[in-house]
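This is the structure I have questions about; it appears just below.
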Amino acid sequence: MKFGKRLKQQIEETLPEWQDKFLSYKDLKKLVGLISGSSAAKAKAKFIHLLDAEIDKFNAFFVEQEEDFIIRQKAR
């Protein structure tokens with residue numbers, strides 16, 4: 001089984017409610033393949049844009065989780 005499929009399966013089995021919080025591996029992989037093609041500059045720009053969006057998504061998720069944790073700890 002390929003990595004992308006295994007990653008997707010693992011997420012679906014363990015944390016399906018957080019599925020949209022994980023890395024968009026398939027989309028990033030497609031763009032990496034395009035970078036070596038004829039429109040490399042455009043593909044590279046799209047890849048960087050998507051990667052930045054993924055980093056922002058991760059950051060927002062972890063900040064939210066941290067805030068929830070702090071609130072739960074203060075409630076004790």
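Computation of the quantities below employed the complete heavy-atom set of this structure, encompassing side-chain atoms and omitting hydrogens, waters and symmetry-equivalent molecules. Along the sequence shown, residues carry numbers from 1.
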Query raised in the report: To the nearest 0.5 Å, how far apart are CG in Leu28 and CG in Leu50?
Result: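 Going from CG on Leu28 over to CG on Leu50, the span is 4.5 Å.
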Run the side-chain donor-acceptor check on residues 6-13: report pairs under 3.5 Å with partners two or more places apart or on a different chain.
{"unit_1": "Gln9", "atom_1": "NE2", "unit_2": "Glu13", "atom_2": "OE2", "d": "3.1"}

Report task. For residues 44-57, pull every pair meeting salt bridge (charged side-chain N to carboxylate O under 4.0 Å, His left out), keeping only residues two or more places apart or in separate chains. Result ->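 Output for this query lists Glu54-Lys57.
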Requested in this report: Hey, could you give me each pair passing side-chain hydrogen bond (donor to acceptor under 3.5 Å, both in side chains) that has a residue in residues 67-76? Not counting sequence neighbours.
Outcome: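 Listed once each, the pairs would be none.
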**Report entry** ring pair (Phe, Tyr, Trp, His ring centres under 6.0 Å): pairs with one or both residues in residues 1-25, sequence neighbours excluded
**Finding:**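 Qualifying pairs, neighbours excluded: Phe3-Tyr25, Trp18-Phe61.
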Query - Point-to-point distance, once rounded to the nearest 0.5 Å, from CD1 of Ile48 to CG of Leu31 - result: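 Reported value, rounded in 0.5 Å steps: 10.5 Å.
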Report task. To the nearest 0.5 Å, tell me how far Ser24 OG sits from Lys29 NZ. Result ->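 Between atom OG of Ser24 and atom NZ of Lys29 there are 14.5 Å.
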Query raised in the report: What's the spacing between Lys30 NZ and Ile35 CD1 if we round to 0.5 Å?
Result: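 Taking NZ in Lys30 and CD1 in Ile35, the distance rounds to 14.5 Å.
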